[in-house]
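Structure, as structure tokens:
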Amino acid sequence: MDVHLYTKKNVLWRPGEGSSVVLRESDYRPFCHVGRTVHLDDALHICADNWMQPKPITTLSTLSDKIWHKQNHHPCRNLRVLWFGPKLDGEDEDAHDWYGNVQFAFPTDVMMHHWRKFYLVEMLTTSTHTTTRILVTNADYSSVLPPYDPRTPGGPWRLNSEGRHECLADCRRYSNEGNNGNGHILEFMIEVEPFQIRTILAESTLSFRNHEQGGNVGPHDCHRSGRLSMCPTPLTRDEAARIFFLEHQRSSLQQNMAAPRLSPSAETLLASLHLHGRTRQPQRQ
């Protein structure tokens with residue numbers, strides 16, 4: 001029986017002990033990296049600062065202080081995280097990414113090496129999809145969260161017998177009611193120390209995403225919808241790459257800019273720009 005956690009239009013829940021959320025084995029998709037996609041201006045700030053800023057959880061979640069604010073001694077009260085998701089093997093970079101223009105991705109095995117504890121925070125079922133949130137940390141939150149083992153069958157993220165990471169493209173919903181029209185989303189909430197942020201950046205590969213639809217008004221056109229009147233950079237991959245590389249080059253004349261490794265597709269986009277000069281460009285992979 002599923003464990004109900006919270007309802008406010010959408011349902012937060014966890015599957016009962018030993019129960020599976022798998023609909024079909026064929027729904028599993030392989031991934032080797034976890035990625036964080038941001039808007040163009042945020043990506044340039046990350047390179048300028050050599051830093052990703054972890055933030056408190058403000059979305060609908062059992063770890064949001066809006067839900068447990070009365071529990072003054074909750075172990076997760078001061079939790080700050082970076083949000084990542086699986087970067088599927090062979091995924092189409094021209095497909096619309098509602099999170100933004102630039103993706104920083106690092107190997108999933110690196111994540112498992114530097115962070116040793118995983119907790120199933122919740123599954124969120126909405127009218128259109130289901131999202132799984134897993135907390136990645138080195139802290140002990142077992143008093144309030146159930147540990148998650150990707151080697152255990154039936155979960156939304158699994159490490160199979162061949163050592164390959166896989167995530168579900170679709171899953172069952174709360175109490176097996178209805179269908180996910182837009183499938184399943186896996187999210188990693190990574191709790192980081194300052195040195196771990198630098199590890200992420202040192203291990204990351206940079207690529208560009210299609211965010212051309214960001215200027216539309218649909219609910220999944222831009223992650224910032226509802227918080228800003230309009231998306232700041234509704235751009236194609238090519239347009240985002242051109243602006244990023246030119247701004248990165250210009251800023252390098254004034255300060256030391258971090259230069260992440262480039263994915264093969266990002267390297268091709270850089271080569272097409274024929275940039276000149278002795279400024280430091282992002283590194284080729």
Side-chain angles (χ1 to χ4, degrees), residues 21 28-38 42-43 46-47 49-57 59 61 63 76 79-91 93 97 99-100 102-124 131-142 145-169 171 184-207 209 258 260-263 266 283 285:
V21 297
Y28 277 109
R29 301 288 185 271
F31 68 100
C32 298
H33 292 73
V34 292
R36 175 178 175 84
T37 302
V38 299
D42 294 326
I46 288 171
C47 291
D49 299 335
N50 196 24
W51 185 259
M52 290 181 177
Q53 182 63 46
K55 295 182 179 180
I57 298 164
T59 188
S61 171
L63 295 186
C76 299
L79 193 65
R80 301 290 186 274
V81 300
L82 293 173
W83 294 83
F84 279 79
K87 179 181 175 66
L88 299 179
D89 294 355
E91 68 181 2
E93 291 184 348
D97 190 325
Y99 287 105
V102 184
Q103 183 178 80
F104 297 83
F106 71 103
T108 312
D109 286 341
V110 170
M111 180 182 77
M112 294 195 71
H113 176 74
H114 289 278
W115 289 268
R116 300 302 181 91
K117 296 182 183 296
F118 308 95
Y119 296 97
L120 178 57
V121 176
E122 65 218 357
M123 298 185 75
L124 166 69
T131 298
T132 298
R133 293 167 178 157
I134 294 176
L135 177 62
V136 180
T137 181
N138 284 318
D140 184 0
Y141 295 120
S142 57
L145 294 172
Y148 185 88
D149 185 353
R151 298 171 182 84
T152 301
W157 162 43
R158 76 178 182 186
L159 186 60
N160 67 20
S161 59
E162 299 173 348
R164 183 173 62 178
H165 296 277
E166 298 176 320
C167 64
L168 286 174
C171 70
H184 169 257
I185 300 170
L186 176 62
E187 296 178 335
F188 294 104
M189 308 157 70
I190 306 181
E191 184 178 29
V192 289
E193 299 291 341
F195 73 92
Q196 293 169 324
I197 297 175
R198 295 184 178 90
T199 295
I200 289 175
L201 289 171
E203 296 284 350
S204 286
T205 298
L206 184 147
S207 61
R209 317 294 290 183
R261 289 186 299 274
L262 298 180
S263 70
Q283 304 166 9
Q285 187 178 35

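The chain is numbered in sequence order, starting from 1. Bear in mind that the values here come from a model prediction, so they are computed numbers and not experimental data. The analysis underlying the following values was restricted to heavy atoms, covering all of them including side chains, and did not include hydrogens, waters or symmetry mates.
- Neither side chain, Glu187 nor Thr132, offers a donor N or O lying under 3.5 Å from an acceptor on the other.
- To the nearest 0.5 Å, atom SG of residue Cys76 and atom CG of residue Leu135 are 6.5 Å apart.
- In this structure Glu91 satisfies the side chain to side chain contact (heavy atoms under 4.5 Å, CB included) test together with Lys87, Leu88, Gln103, Arg209, sequence neighbours excluded.
- The main-chain N or O of Val136 is never found under 3.5 Å from a side-chain atom of Tyr119 such that the two would form a donor-acceptor pair.
- Closest of all the heavy-atom pairs between Ile200 and Ser204 is O-OG, 2.6 Å.
- Although no hydrogens or angles enter the test, the distance criterion places a donor-acceptor pair under 3.5 Å between the side chain of Asp149 and the main chain of Arg151.
- The distance from the OG1 atom of Thr131 to the CD atom of Glu122 is 9.5 Å, given to the nearest 0.5 Å.
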>> Please evaluate residues Trp115 and Phe188 with respect to the criterion side chain to side chain contact (heavy atoms under 4.5 Å, CB included), reporting the C-alpha separation (whole Å), side-chain torsions for both, the decisive distance (0.1 Å), and the verdict.
In response: CA-CA 12 Å; Trp115 289 268; Phe188 294 104; over 6 Å; no
> When you look at Met189 and Ile134, which way does the side chain to side chain contact (heavy atoms under 4.5 Å, CB included) test go after all the steps?
Replying inline: CA-CA 6 Å; Met189 308 157 70; Ile134 294 176; over 6 Å; no
>> Please determine whether side chain to side chain contact (heavy atoms under 4.5 Å, CB included) holds for the pair Arg164 and Phe31, giving the CA-CA distance in whole Å, both sets of side-chain angles, and the decisive distance to 0.1 Å.
In response: CA-CA 8 Å; Arg164 183 173 62 178; Phe31 68 100; over 6 Å; no
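- Nearest approach of Leu206 to Ala266, heavy atoms of both residues: O-CB, 3.6 Å.
- Between the side chain of Thr199 and the backbone N or O of Phe195, at least one donor-acceptor pair lies under 3.5 Å.
- For the side-chain hydrogen bond (donor to acceptor under 3.5 Å, both in side chains) criterion with His165, the lone passing option out of Asp109, Thr108, Asp89 is Asp109.
- Taking the centre of each ring, Trp83 and Tyr99 stay at or above the 6.0 Å mark.
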> Between Thr59 and Arg133, does a side chain to side chain contact (heavy atoms under 4.5 Å, CB included) hold up when you go through it step by step?
Replying inline: CA-CA 12 Å; Thr59 188; Arg133 293 167 178 157; 3.7 Å; yes
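- In terms of heavy-atom proximity, Met111 sits nearest to Ile190 at SD-CD1, 4.0 Å.
- Formation of a donor-acceptor pair under 3.5 Å by the Arg261 side chain with backbone atoms of Ala202 is found in this model.
- Of the possible polar contacts, one joining the Asn138 side chain to the His114 backbone as a donor-acceptor pair under 3.5 Å is found.
- Atom CZ in Arg36 sits 6.0 Å away from atom CE in Met52 (nearest 0.5 Å).
- Two rings, from Phe84 and Phe106, have their centers less than 6.0 Å apart.
- Here the closest heavy-atom approach between residue Pro156 and residue Leu186 is recorded as O-CD2, 4.4 Å.
- For the residue pair Leu120 and Tyr148, the shortest heavy atom distance occurs at N-CB, 3.8 Å.
- Cys167 SG to Arg158 CZ: the interatomic distance, rounded to the nearest 0.5 Å, is 10.5 Å.
- Atoms OH and CZ, from Tyr141 and Phe118 in turn, are 14.0 Å apart once rounded to the nearest 0.5 Å.
- Residues Leu145 and Val121 come closest through the heavy atom pair CD2-CA, 4.1 Å.
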